[in-house]
Amino acid sequence: MKPVRILFIASHRFDRAPGQRFRFEQYFEYLRANGFECTLSYILDEAADKLLYKPGQYLKKAGIYRRAVAIRKADVKKVQRGDYDIVFIFREALLTGSIRFEKAFAKTKAKLVFDFDDAIWHLDVSDANKKLSFLKNPQKTGDIIALCHRVFAGNAYLANYAKQFNNSVTIIPTTIDTHEYRRIAQPPRDYITIGWSGSITTIKHFEYALPFLRILKKKYGDKIRIHVIGDGNYVNEELGIKGIAWNRADEIAELSKIDIGIMPLPDDEWANGKCGLKGLQYMALEIPTLMSPVGVNTEIIEDGVNGYLATATDEWVAKIEMLLDSEALRKRIGAAARETVLRAYSVEALKERYFKEFISLIGQNI
């Protein structure tokens, strides 16, 4: 088979953004070993990444936009001259409402793939960039999908949306590299850690946990600690929480400190589009996991078998208490959770299917 050349279009540099890493970057090694050439084109370098999520500084942010346009113009020229067989677009080519580059790619001979893992057709802007929300056009998602030869959707909710615009839609769940994701043993300690992992933009979801965490903290006191990963500025003195910033280098070490992982979500359209990533991360590390029964979470979790689903405050409290009071239960649920990830949500389980999607797209046989 001749090499298949794929240009991956995304916002962030390699190994920077969890969405990119867990949706496609972790397949690069397998694809390359099977005759593919994978090139990532991103628009946010480290300096731009830090600037983008700070409030204000609009002139400097305009510079980020100009650089992004120049990068995408160069990408289009490369595709036009036949340097790539497939253009893989993760979410969007630019962070604005424009789809000029998606349209330009569609006019070339390359096959277009669109991949998304959130309900991005709904407006969701970080607090730092609220004043720039007029530049966004979330409805462009449907227009981009209509241009593509294949759509990879992270779950059925997203796939149903995509099918309004494109008949070639396949569900590719978000997956975990279980060779990398192995729990790091912790030293003996006299407390149990309840943990949450996310980002600056999703810390609002953690706060849905505050009512049941207050009840648990009142009952268990120093026997529990609460670990928040993803927002280094987050503080809750009442619960003794000082958040830490996400860091790729110590991601697994910090997650391994968690004894019970939580993923509370509101039951809204944005949450229904989510692909259960943080829950899958906990589960891959054999951390007993509790999720809100929203969207794909109800497919991932079989309540009481490989984790728990909880809605009302008293339900969260009761199910966490069971885990707090029984180390044996934590181990049993954690082991079943990892088995679920290995079977249905791991790179190992999905890599051949992922590979065949690209092969079928270009009409080559394996």
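Hydrogens, waters and symmetry mates play no part in the numbers below; they use all other heavy atoms, side chains included. Note that the structure is predicted; figures quoted are calculated from it, not measured.
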Checklist entry - Could you go step by step and tell me if K111 and D85 meet the side-chain contact (heavy atoms from CB on, under 4.5 Å) rule? => result CA-CA 6 Å; K111 300 292 186 180; D85 304 295; over 6 Å; no

Checklist entry - Hey, mind stepping through L31 and V4 against side-chain contact (heavy atoms from CB on, under 4.5 Å) and telling me if it holds? => result CA-CA 9 Å; L31 291 173; V4 179; over 6 Å; no

Checklist entry - Would I301 and N306 count as a side-chain contact (heavy atoms from CB on, under 4.5 Å) if you check the C-alpha gap in whole Å, the side-chain angles of each, and the deciding distance to 0.1 Å? => result CA-CA 6 Å; I301 293 290; N306 62 352; 4.0 Å; yes

Item to check | side chain to side chain donor-acceptor pair (under 3.5 Å) assessment of S98 paired with T96 | outcome: CA-CA 6 Å; S98 170; T96 66; 4.9 Å; no

Checklist entry - Yes or no on side-chain contact (heavy atoms from CB on, under 4.5 Å) for E102 and E92, after CA distance, side-chain angles and deciding distance? => result CA-CA 8 Å; E102 287 90 346; E92 58 191 351; 4.1 Å; yes

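The aromatic rings of F28 and F8 are tilted relative to each other, their planes meeting at an angle between 30° and 60°. Using bins of under 30°, 30° to 60° and over 60° for the plane-to-plane angle, the ring pair F212/W316 lands in the parallel bin.
The side-chain heavy atoms of L361 and H149, taken from C-beta on, include a pair separated by under 4.5 Å. Within the 4.5 Å cutoff, the side chain of I229 has heavy atoms near those of the I258 side chain. Looking only at side-chain heavy atoms (C-beta outward), L329 and R332 come within less than 4.5 Å of each other. Between L350 and R353 there is a side-chain heavy-atom pair separated by less than 4.5 Å. Here the side chains of L7 and I9 are in contact, with some heavy-atom distance below 4.5 Å. Between Y282 and L290, the closest side-chain pair of non-hydrogen atoms is not below 4.5 Å. For the pair K274/V294, no side-chain contact is recorded, criterion being any heavy-atom separation below 4.5 Å from C-beta on. Using a 4.5 Å heavy-atom threshold, the side chains of I64 and L95 count as separate.
A salt bridge does not link R32 with E29: every distance from a Lys NZ or Arg NE/NH1/NH2 to an Asp or Glu carboxylate oxygen is 4.0 Å or more. Ion pairing between a basic and an acidic side chain is recognised when a charged N comes within 4.0 Å of a carboxylate O; E315 and K319 show such pairing. Electrostatic pairing of R91 and D118 counts as a salt bridge here, judged by a charged N lying under 4.0 Å from a carboxylate O. K257 has a carboxylate O that lies under 4.0 Å from a charged side-chain N of E254, or vice versa, which qualifies the two as a salt bridge.
The two residues I144 and C148 make their nearest non-hydrogen contact at O-SG, 3.3 Å. Here the shortest heavy-atom pairing between Y42 and D45 reads CE1-CA, 4.1 Å. Minimum heavy-atom separation, Y84 to I6: CD2-C, 3.8 Å. Pairing each heavy atom of C275 with each of I300, the nearest pair is O-CD1, 4.2 Å. When all heavy atoms of I224 and Y191 are compared, the closest pair comes out as N-CB, 4.4 Å. In this structure, I194 and I320 approach most closely via the heavy-atom pair CD1-CG2, 4.0 Å.
Judged by distance alone, the side chains of T174 and D117 never bring a donor and an acceptor atom under 3.5 Å apart. S168 and R150 share a donor-acceptor pair across their side chains, judged by distance under 3.5 Å alone.
Rounded to the nearest 0.5 Å, atoms CD (E286) and CZ (R330) are 13.5 Å apart. One distance of note links CZ of F206 with NZ of K278; it measures 11.5 Å at 0.5 Å rounding. To the nearest 0.5 Å, atom CG of residue N233 and atom CD1 of residue I244 are 12.5 Å apart. Rounded to the nearest 0.5 Å, atoms CG (L213) and CD (E207) are 11.0 Å apart. With values rounded to the nearest 0.5 angstrom, Q281 atom CD is found 5.5 Å from E251 atom CD. The line from CG of L147 to NZ of K140 is 11.5 Å long, rounded to the nearest 0.5 Å.
Screening F114, F90, F116 for a ring pair (Phe, Tyr, Trp, His ring centres under 6.0 Å) involving F24 leaves a single residue, F90. The side chain to side chain contact (heavy atoms under 4.5 Å, CB included) with F22 is formed by just one residue from the set T175, I176, D177; it is I176.
Cluster membership check: I192 shares its hydrophobic cluster with L255, using side-chain heavy-atom separations under 4.5 Å among Ile, Leu, Val, Met, Phe, Trp and Tyr. If you chain together hydrophobic residues whose side chains sit under 4.5 Å apart, L277 and I203 fall into the same group. Note on W121 and F165: same hydrophobic cluster, where clusters join Ile, Leu, Val, Met, Phe, Trp and Tyr whose side-chain heavy atoms are under 4.5 Å apart, directly or indirectly. Taken together through direct or relayed side-chain contacts under 4.5 Å among Ile, Leu, Val, Met, Phe, Trp and Tyr, V317 and W196 form part of one hydrophobic cluster. The same ILVMFWY cluster, assembled from side-chain heavy atoms under 4.5 Å apart, contains both Y308 and Y220.
A distance-only check finds no donor-acceptor pair linking the side chain of D83 to the backbone of V79 [under 3.5 Å]. Between the side chain of N297 and the main chain of S292, a donor-acceptor pair closer than 3.5 Å is present. Of the possible donor and acceptor atoms, none in the side chain of Y157 sits under 3.5 Å from a partner among the backbone N and O of A271. Side chain of S326 to backbone of M322: no donor-acceptor contact under 3.5 angstrom is found. At distances below 3.5 Å, at least one donor-acceptor pair connects side-chain atoms of Q186 with backbone N or O atoms of I184. Although no hydrogens or angles enter the test, the distance criterion places no donor-acceptor pair under 3.5 Å between the side chain of E302 and the main chain of G307. For S346 (side chain) and R343 (main-chain N/O), no donor-acceptor pair under 3.5 Å exists by modelled atom type. Judged by distance alone, the side chain of K163 and the main-chain N or O of N167 form no donor-acceptor pair under 3.5 Å. No donor-acceptor pair closer than 3.5 Å links the side chain of R21 to the backbone N or O of R16. Side-chain N or O atoms of T108 include none that pairs as donor or acceptor with a backbone N or O of A104 at under 3.5 Å.
E180 CD: more than 12 foreign heavy atoms inside a 6.0 Å radius. Within 6.0 Å of atom NZ in K103, 12 or fewer heavy atoms from other residues, nucleotides or ligands are found, so the atom counts as exposed in its surroundings. Heavy atoms from other residues, nucleotides or ligands lying under 6.0 Å from CD of E238 number more than 12. Within a 6.0 Å sphere centred on CD of E327, other residues, nucleotides and ligands contribute 12 heavy atoms or fewer.
Geometric assessment of R72 against the ring of F101 yields a negative cation-pi assignment under the 6.0 Å and 45° thresholds.
A ring-centre distance under 6.0 Å is found for Y354 and F358.
Under the ring-ring contact (aromatic ring centres under 6.0 Å, His included) criterion, Y208 pairs with no residue at all, not counting sequence neighbours. Listed by chain and number, the residues in a side-chain contact (heavy atoms from CB on, under 4.5 Å) with R183 are S256, D259, L285, I287 (sequence neighbours excluded).
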